[in-house]
Amino acid sequence: MVRERERIRVRTSDGRSAEFPRGTTGHSIVEVLFPEKAPHAVGIEVNGTIYDLCRPILEDASVRVLTFEDPEGKQIFWHSSAHLMAEALEALYPGIKFAIGPPIEQGFYYDVEPPEGVVITAEDLPRVEAKMRELAERDVPFERLEVSWEEAVRYYREHWNPYKLEILEELRGQPITFYRQGNFVDLCKGTHVPSTGMLRYPKLLNIAGAYWRGDSRNRMLTRIYGICFPEQKQLDEYLRLREEAERRDHRKLGRELELFLLTPAVGPGLPIWLPNGTVLRRTLENFLRREQLKRGYQEVITPHIGNLELYKTSGHYPYYADSQFPPMVLEEQERYLLKPMNCPHHHQIYASKPRSYRELPLRLAEFGTVYRYEQSGELNGLIRVRGFTQDDAHIYCAPEQLKDEIKAVIELTQYVFRIFGMPVDIRLSFRDDNAAKYGGDLALWERAQREIQEVADELGLRYTIGLGEAAFYGPKIDFIVRDALGRRWQLGTVQVDYVMPERFRLEYIGPDGQAHRPVIIHRAPFGSLERFIGILIEHYAGNFPFWLAPVQAVVLPITDAQHVAALQLTEALQQAGYRVQADLRSERLQRKIAEAEHRKIPFLLVLGRREVETSTVAVRRHGFGDQGSRTVEELLRWFAELNVPGAERAHSNA
RNA sequence: GCCACCGUAGCUCAGUGGUAGAGCGGCUGAUUUGUAAUCAGCGGGUCGGGGGUUCAAAUCCCUCCGGUGGCUCCA
């Protein structure tokens, strides 16, 4: 009997199993059952719990080996990297205090309090990084130490660290684990890689301030961000992607391609659309406008300001007074607000006359410009601004129509992002337990959340649920798109709202002759045109598809002798509705081509003596090079094919 | 708003105490050119604003404004 308990049985997910002595470690199991993974293993999942490879296993177990390739493995790897960075920091800045150092989606950070009088800046990072490499070279094991709560507290009283003590306060009475590598010891629940030798390719990325516990009333700590890889080539690839992202920065491309202008002379976060950017924006608007008209939307226009009382009725004003431009006060009782959202205006349209169930769903759409006083530190190019235009619409429908309307909105949103070749992830954003954050009746909330989830299930969508991500008046469906570099952006949103119909006392007369309350769907596929275009610039790296390109073609005569032909061609293409310019300067063709390529113009149309004589045009396409000659008719057919949303996939050619 | 860093010509940047520089762009002229930058000449900046230290400030200090990376926030 005793002997039985000395052995444990270990099963793998691919159906193999073996016996081990009780108290065996992940190391032994990996070496026996997964010899090919042994050098790369960072941890082991034991009956659903993640263990260090050095931790004894005491019972029968189903196991899974984790490497850097697994999401959980990456977290272990980066968490360990944070500890390695901490060890390096402690070596370079004796007396530095550590707060928290977790892994994040891409890498890790550690929040630290530098010793009195010391400021760590970006210039110090290479030194820290070099120290990390040096420590990794030593290849020492990470050890897991179990201690009592009292011992842990004693340790941090001696090595005075208020942050760790505060963390321990929340763990009062529980057994505590420490991890040690080399001379560095840290309070940590784990898990960690077996040894520092795996962490040879770190890169410290940036440094920033961060409040302790994320609370702006607390002390600001120094946060150092980094990343680390098992192989040099993975680090190289990561750094290459970062450089590519920098190269595509929409603020840089926006200036170079003359799309928009941000100037303090107008105000922070208040973009001006230049002619090229205006083409982009209007083209996108017209695209969506057409799709909406096909789907039964009606377009409206509302003023940029509204009576403050309107926003009190909606409940937005007291909730969000901080993030609005202050009201304009005309007289004691007459105050106006720059509109922070379009909703209340649209509700007035609904409420402007009695409504019958026969009118529902009523779908009101507006490219509505709104103003929000975002904190100065929050502003970022077109991504986050103080004045922006939503592709907004409100759908007023009977409760029994709600699910079909949500489905139609999801279909539209998915259609839109397919056009841009952006994959979409869906998040159902529901409320959490913090009742103070939300308005309206709990029963209505639960109903809305249930219906949203039912629709998502009926459509067979893959989704995640984000608790606490809801708007104050209702749950949402958020669309998170991935761009050409794989970065994720939250764009479109669909929100179900039972609260505003109550607040505005919206009604319709049903078939039974009685008044009923409609439900409102708020939705915006792009979210905001500014933000979407900012993302689109980076997605395409400024190489816009033909249908979106601000200038679609430039005509390049080789000598003055082709000027007349060049002007005729330009005009013919313009008459056909294309955005075409002629470059008549007395420059060499090479220069004209170089400049047009820098402007990322999709088509360069070269006219020399040969072309004029044969009534053709030599075509060069951005990203594809010389395409040979075409007649104007052939060119027009080609243009017509390309001038359709979604006709081209995103390409990343320079 | 908070922390760190930054702000010199339209753009990219050099100039760390001795009264402002380059390349590109711009303008003018020459050149008439065949698939990524022809040559020459000419303009252009109260060095982000204000205050201070100094015989002397782009340079050192203070302050305000703006930007970048984060934090908080994001209807």
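Bear in mind that the values here come from a model prediction, so they are computed numbers and not experimental data. Note on naming: letters A, B, ... go to the chains in the order of the sequence lines (proteins, then strands), and numbering restarts at 1 for each one.
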| request: Please state how far atom OH in A:Tyr225 lies from atom P in B:A4, giving the value in whole angstrom units. | output: 16 Å
| request: Indicate whether OP1 or OP2 belonging to B:C2 is found under 4.0 Å from a side-chain N or O atom of A:Asn218. | output: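 No, outside the criterion.
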| message | Go nucleotide by nucleotide along RNA chain B from the 5' end; which of A:Arg255 and A:Ser376 gets its closest nucleotide reached first? | response | A:Ser376
| note | 5' to 3', nucleotides 28-33 of chain B under a 4.0 Å protein heavy-atom cut-off (B base, S sugar-phosphate only, - none) gives ---BBB
| Can you name the salt bridge (Lys or Arg N to Asp or Glu O under 4.0 Å) partners of A:Glu595, sequence neighbours left out? |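 By the salt bridge (Lys or Arg N to Asp or Glu O under 4.0 Å) rule, A:Glu595 matches A:Arg585, A:Arg591.
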| request: List in chain and number order the residues that pass salt bridge (Lys or Arg N to Asp or Glu O under 4.0 Å) with A:Asp425, two or more places apart in sequence or in another chain; answer none if no residue qualifies. | output: A:Arg482, A:Arg488
| said: Applying a 4.0 Å non-hydrogen cut-off, can you work out what A:Gln324 is touching in the nucleic acid: base, sugar-phosphate, or nothing? | reply: base
| request: Find the partner of B:G7: check Watson-Crick (N1-N3 plus N6-O4 or O6-N4) and G-U wobble (N1-O2, O6-N3) distances, both under 3.5 Å, and reply none if neither fits. | output: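 B:C65 is the nucleotide pairing with B:G7.
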Sequence neighbours excluded, every pair satisfying salt bridge (charged side-chain N to carboxylate O under 4.0 Å, His left out) that has a member inside [range]:
range: residues 258-271 of chain A; value: none
range: residues 207-224 of chain A; value: A:Asp111-A:Arg223, A:Glu113-A:Arg219, A:Glu166-A:Arg213, A:Glu170-A:Arg213, A:Asp215-A:Arg217
range: residues 302-319 of chain A; value: A:Glu309-A:Lys312

| said: Between A:Thr614 and A:Glu611, is there a side-chain donor-acceptor contact under 3.5 Å, judged purely by atom types and distance? | reply: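 A:Glu611 vs A:Thr614: no donor-acceptor pair found between side chains.
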